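Note that the coordinates shown come from a computational prediction; the quantities given were computed from them, not determined experimentally.
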Amino acid sequence: MRAEPDAVVGDELSPVSLVELAVRRLRSEILTGALAAGDRLVEEHLTRRFGISRAPLREALRLLGQQGLVEHLPRRGVRVPELSARDVDELFTLRDVLERFAMRTALPLRPGLTLDAPAAELAVMDRAAAAGEMLEQAEAHRRFHLALVGLAEHQHLLQVYEPVILKLQLCMAVNLRREAQQRSPMDGVARHRKLFAAVVDGRPELVLAELANHGARRFLS
């Protein structure tokens, strides 16, 4: 199998898998705050900056739209979503309800079901926080919560939950960045370790108590 070159050469993207590489570049800029909520993504500027044509860029923007990281506005182009306070409150409230339902359904775990997936993401969060890799930490954070909900083995629940957490990933990335400015980056990891330890314990009431004090949006305001 031919090895792919690096995603970025100077400021231009390499010619291999241009769509995937454009997605990675834009996703990184959005989640790290280089592109802020409300910023417009102008095709002409991006094609020049990345050194690609409009076709792969448009496909990348379409995929990012499915992930909730950009929104396409009729006759007004594409921008980074700008969620209102009500949007954020409703999405976090819905996330809380779905996660609590998932934990009530999942615990105690059925025989043979392991905690390998959330444990692996927690380890990635730990390493990323220690290294100051905020994007990698945010990604692992999202996957950690997906893995916890996946323990319920409820396919329709996952289908409802995943779009919600995708829409919230911008807020969660901002939350992690602001928390890191005010506290040790490891504080967020410690909070998730407590939640994971409660899941390992297997008692739903402990997990629900940790979820109630999880502080998902404490640094957003």
Side-chain angles (χ1 to χ4, degrees), residues 1 20 23-24 27 31 63 66-69 88-176 179-180 183-220:
M1 180 180 294
E20 180 183 353
V23 167
R24 289 181 194 169
R27 182 182 180 85
L31 290 180
L63 294 172
Q66 291 179 345
Q67 298 173 18
L69 287 175
V88 173
D89 184 65
E90 289 181 356
L91 286 167
F92 270 117
T93 301
L94 181 55
R95 190 190 93 157
D96 292 345
V97 169
L98 295 174
E99 288 185 345
R100 293 173 73 84
F101 173 76
M103 292 297 94
R104 288 193 189 99
T105 303
L107 299 175
L109 297 179
R110 69 164 178 79
L113 189 62
T114 74
L115 294 170
D116 292 349
E121 298 304 341
L122 188 57
V124 174
M125 286 179 63
D126 194 346
R127 291 195 300 271
E133 297 288 345
M134 295 303 299
L135 178 61
E136 187 176 359
Q137 185 183 358
E139 283 287 281
H141 175 247
R142 180 177 61 84
R143 293 193 304 263
F144 173 83
H145 281 272
L146 272 172
L148 287 189
V149 171
L151 295 173
E153 298 186 300
H154 191 307
Q155 189 59 42
H156 291 287
L157 171 61
L158 269 179
Q159 289 173 359
V160 173
Y161 180 77
E162 190 160 13
V164 172
I165 202 167
L166 281 172
K167 289 180 180 178
L168 277 173
Q169 62 188 322
L170 283 171
C171 299
M172 293 190 296
V174 169
N175 198 48
L176 285 173
E179 182 175 17
R183 299 184 177 185
S184 165
M186 302 308 295
D187 284 2
V189 178
R191 192 167 64 250
H192 286 80
R193 285 198 180 281
K194 287 184 65 179
L195 175 57
F196 182 69
V199 175
V200 172
D201 184 276
R203 286 179 286 173
E205 64 273 16
L206 293 182
V207 179
L208 296 180
E210 283 300 327
L211 285 173
N213 296 303
H214 197 55
R217 46 186 145 173
R218 67 176 66 182
F219 293 96
L220 286 175

Would you compute the distance between atom [atom1] of [X] and atom [atom2] of [Y] and round it to the nearest 0.5 angstrom?
| X | Y | atom1 | atom2 | result |
| --- | --- | --- | --- | --- |
| L115 | L113 | CG | CG | 7.0 Å |
| D201 | F196 | CG | CZ | 12.0 Å |
| L98 | L158 | CG | CG | 10.0 Å |
| E99 | I165 | CD | CD1 | 6.0 Å |
| L195 | H192 | CG | NE2 | 7.0 Å |
| L170 | L91 | CG | CG | 11.0 Å |

Legend entry - Centroid-centroid distance, F101 to H154, less than 6.0 Å: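 F101 vs H154: aromatic centres under 6.0 Å.
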Inset, instruction - May I ask you to decide whether E90 forms a salt bridge with K167, counting only side-chain N to carboxylate O separations under 4.0 Å? - result: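 Result for this pair is no, no salt bridge flagged.
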Inset, instruction - Kindly say whether L208 contributes a backbone atom to a donor-acceptor pair with the side chain of R100 at under 3.5 angstrom? - result: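 Yes: the side chain of R100 pairs with the backbone of L208.
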In the structure I gave you, are the side-chain heavy atoms of [X] and [Y] within less than 4.5 Å of one another anywhere?
| X | Y | value |
| --- | --- | --- |
| E139 | L31 | yes |
| E153 | R110 | yes |
| E162 | V149 | no |
| L146 | E121 | no |
| M186 | D126 | yes |
| Q169 | R27 | yes |
| L107 | L151 | no |

Looking only at heavy atoms, which two atoms of [X] and [Y] are closest? And how far apart?
| X | Y | value |
| --- | --- | --- |
| F144 | P118 | CD1-O, 3.4 Å |
| E210 | A198 | CG-CB, 4.0 Å |
| V160 | V164 | O-CG2, 3.5 Å |
| A152 | L157 | CB-CD2, 4.1 Å |

Inset, instruction - Would you tell me whether R142 and Q137 have side-chain atoms, one donor and one acceptor, within less than 3.5 Å of each other? - result: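 No donor-acceptor contact under 3.5 Å links the two side chains.
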